[in-house]
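First up is the structure itself, then whatever we jot down about it.
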Number of protein chains: 2
Amino acid sequence: MYKKIRKTDDPRVQRSKRMFKDALISLIEEYPDRSKLTVQNIADRAELNRATFYLHYHDVKDLMQQMIDEMLSELRSLLKPKDEQAKESFSGRTRLITFIDYFYKNASFYNIMLENKAFRRKVFSVILDIVMYWEPRRTTRNPHPLPNEIIASSTLGIISWWLEEGTPYSPNYLANLIIQLFEHGNNH
Amino acid sequence: MYKKIRKTDDPRVQRSKRMFKDALISLIEEYPDRSKLTVQNIADRAELNRATFYLHYHDVKDLMQQMIDEMLSELRSLLKPKDEQAKESFSGRTRLITFIDYFYKNASFYNIMLENKAFRRKVFSVILDIVMYWEPRRTTRNPHPLPNEIIASSTLGIISWWLEEGTPYSPNYLANLIIQLFEHGNNH
DNA sequence: CAATTAATTAACAGGGTGTCAATTTAATAA
DNA sequence: TTATTAAATTGACACCCTGTTAATTAATTG
């Protein structure tokens, strides 16, 4: 009785999906205007048949969506403290730098991905998490705090600009600027 | 001796271009995922021939680019004080509210347009202008001001979020939040 | 090996692109 | 009004991409 239950474990599937993802990244970096983002071109670049693409994805959007979900899940796990002890030293500042570093690694790729609304929304919610647990004491001594969404969206705006400009500051320095803005505004 | 010099003054051209622009706006608002943004559909919606489209634009991107330029030029003129006297009362705050109001009018349309990199870059430079002339005195008494790009990009981030969320605050209140952020950060 | 399933191949109708030449229609100077 | 100019339409063209299918080949694994 032959039965193959774990389809996704098939090395052929693994390989194909990896090839398609790499092809998409390669095409995006080569044509930042996304003018060559077709199933045809992706399959050609992956050196796989176009019909194989349809075995795994519904269309290009679907491929991007799956990649986005994987990336975001990776990012979230980076921001999750491993144990109780790590939680202590895992300050808001550390989390912000971890976050910025993550985008710094494949800056040109994430720069493109951030034009995707779905991706941006999910990144926004990750930032919102960071902001919400930033400094619990903030709410107690602060009579008129800004809505967390204002803090998060301005952070996303700054990071988007930073990526578009080719990361003109180091991740650390950028984090400093963002923290300065939220601590003192522009009146230091 | 017949001679027609001013082609662009031809009422037929005026009408056609207006029809195509209206059709684009109509399609964008009907299909926010931009799935129906083809020359074919735009021409159909405009009730003009597809070949006519190509008489005026190279492709859909070109049409959007022309619209973007027109809108930005309109926005810039709104932000330019009419005379020396008006300059007095045209504070940074007033300019920021004028700016936000402009996007509030066709919020759903600008929300889509802000996904266009070219448009976003130009809006960014308009914000940069507002920020640069915000408060001349700021630089004198402020030893460590943030780069103007940080202020501008965070503003753009906030406004983008606000548009994506369906303008949950009034333009005036949003301006207050932005000003509060830059005046005091999140520690009021 | 034998069974299973992934990948390939070739073909299909459908739709959008960008261009062209010939024709019709609208604007306007005289 | 009429003659001239140019815009708009029409129909056609080759080309490319899409999404699907059926038949075949190739790779994985019990």
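None of the values given here were measured: they were computed from a predicted structure. Convention: sequence-line order gives letters A, B, ...; per-chain numbering from 1.
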Q) Between Phe124(B) and Trp161(A), what is the ring plane arrangement, given parallel below 30°, perpendicular above 60°, and tilted in between? A) parallel

Q. Arg15(A) has an atom CZ; how far is it from atom P of dA27(D), in whole Å?
A. 10 Å

Q) Just to confirm, is there a sub-4.0 Å distance from OP1 or OP2 of dG15(C) to any side-chain nitrogen or oxygen of Thr38(B)? A) no

Q.
Measuring from the side chain of Asp10(B) (C-beta onward, heavy atoms only), which nucleotide among dA8(D), dA6(C), dA27(C) has the closest atom?
A. dA27(C)

Q. What nucleotide among dT17(C), dT18(D), dT28(D) has an atom nearest to a side-chain atom of Tyr54(B)?
A. dT17(C)

Q: Check whether the side chains of Tyr110(A) and Tyr102(A) place a donor and an acceptor atom closer than 3.5 Å, and report yes or no.
A: yes

Q.
Measure CG/Asp9(A) against C1'/dA27(D) and give the value in whole Å, please.
A. 16 Å

Q.
Nearest whole Å is fine: how far is dT18(D) C1' from Asn41(A) CG?
A. 13 Å

Q. Expressed in angstrom and rounded to an integer, what is the separation of Leu55(B) atom CG from dG18(C) atom P?
A. 14 Å

Q | Five-pair end axes of the helix from dC1(C)-dG30(D) to dA30(C)-dT1(D), angle between them (10°) | A | 30°

Q.
On DNA chain D, does the nearest nucleotide to Arg50(B) precede the nearest nucleotide to His58(A) from the 5' side, or the other way round? Give the residue.
A. Arg50(B)

Q | Selection from dT8(C), dT9(D), dT29(D) that lies nearest to any side-chain heavy atom of Thr52(B) | A | dT9(D)

Q | For atom NZ of Lys61(A) and atom P of dC17(D), their distance in whole Å | A | 18 Å

Q: Classify the angle between the aromatic ring planes of Tyr57(B) and Phe20(B) as parallel (below 30°), tilted (30 to 60°) or perpendicular (above 60°).
A: perpendicular

Q. Does the side chain of Thr52(A) pick up a donor-acceptor pair with the side chain of Arg12(A) at under 3.5 Å?
A. no

Q: Look at His56(A) and dA6(C) and indicate whether a side-chain polar atom (N or O) is within less than 4.0 Å of OP1 or OP2.
A: no

Q.
Heavy atoms from C-beta onward define the side chain here; which of dA27(C), dC20(C), dA11(C) lies closest to that of Ala51(B)?
A. dC20(C)

(Q) Measuring to OP1 and OP2 of dA8(D), would you say a side-chain N or O of Ser16(B) lies under 4.0 angstrom away? (A) yes

Q. Does the side chain of Asn41(A) pick up a donor-acceptor pair with the side chain of Thr38(A) at under 3.5 Å?
A. yes

**Q.** pair Pro168(A)-Glu165(A): side-chain heavy atoms closer than 4.5 Å
**A.** yes

**Q.** Atom-pair distance (CG on Leu37(A); C1' on dC16(D)), nearest Å
**A.** 16 Å

Q. Looking at dA8(D), dA6(C), dT28(C), which one has an atom nearest to any side-chain atom of Pro11(B)?
A. dT28(C)

Q: Report yes if the side chains of Asn172(A) and Ile97(A) come closer than 4.5 Å at any heavy-atom pair, otherwise no.
A: yes

**Q.** Heavy-atom donor-acceptor pair, Arg12(A) side-chain to dA7(C) base, under 3.5 Å
**A.** no

**Q.** Given Asn176(B), Ile130(B), Ile178(B), the one that forms side chain to side chain contact (heavy atoms under 4.5 Å, CB included) with Arg93(B)
**A.** Asn176(B)

(Q) With a cut-off of less than 4.0 Å, is there a side-chain N or O of Asn49(B) near OP1 or OP2 of dA8(D)? (A) no

Q) Of the nucleotides dT9(D), dG18(C), dT20(D), which has the atom closest to the Asp59(B) side chain? A) dG18(C)

(Q) If I take atom CD in residue Gln40(B) and atom P in nucleotide dT9(D), what distance separates them, rounded to the nearest angstrom? (A) 14 Å

Q: In whole angstrom, give the distance that lies between atom CG of Leu63(A) and atom C1' of dT18(D).
A: 16 Å

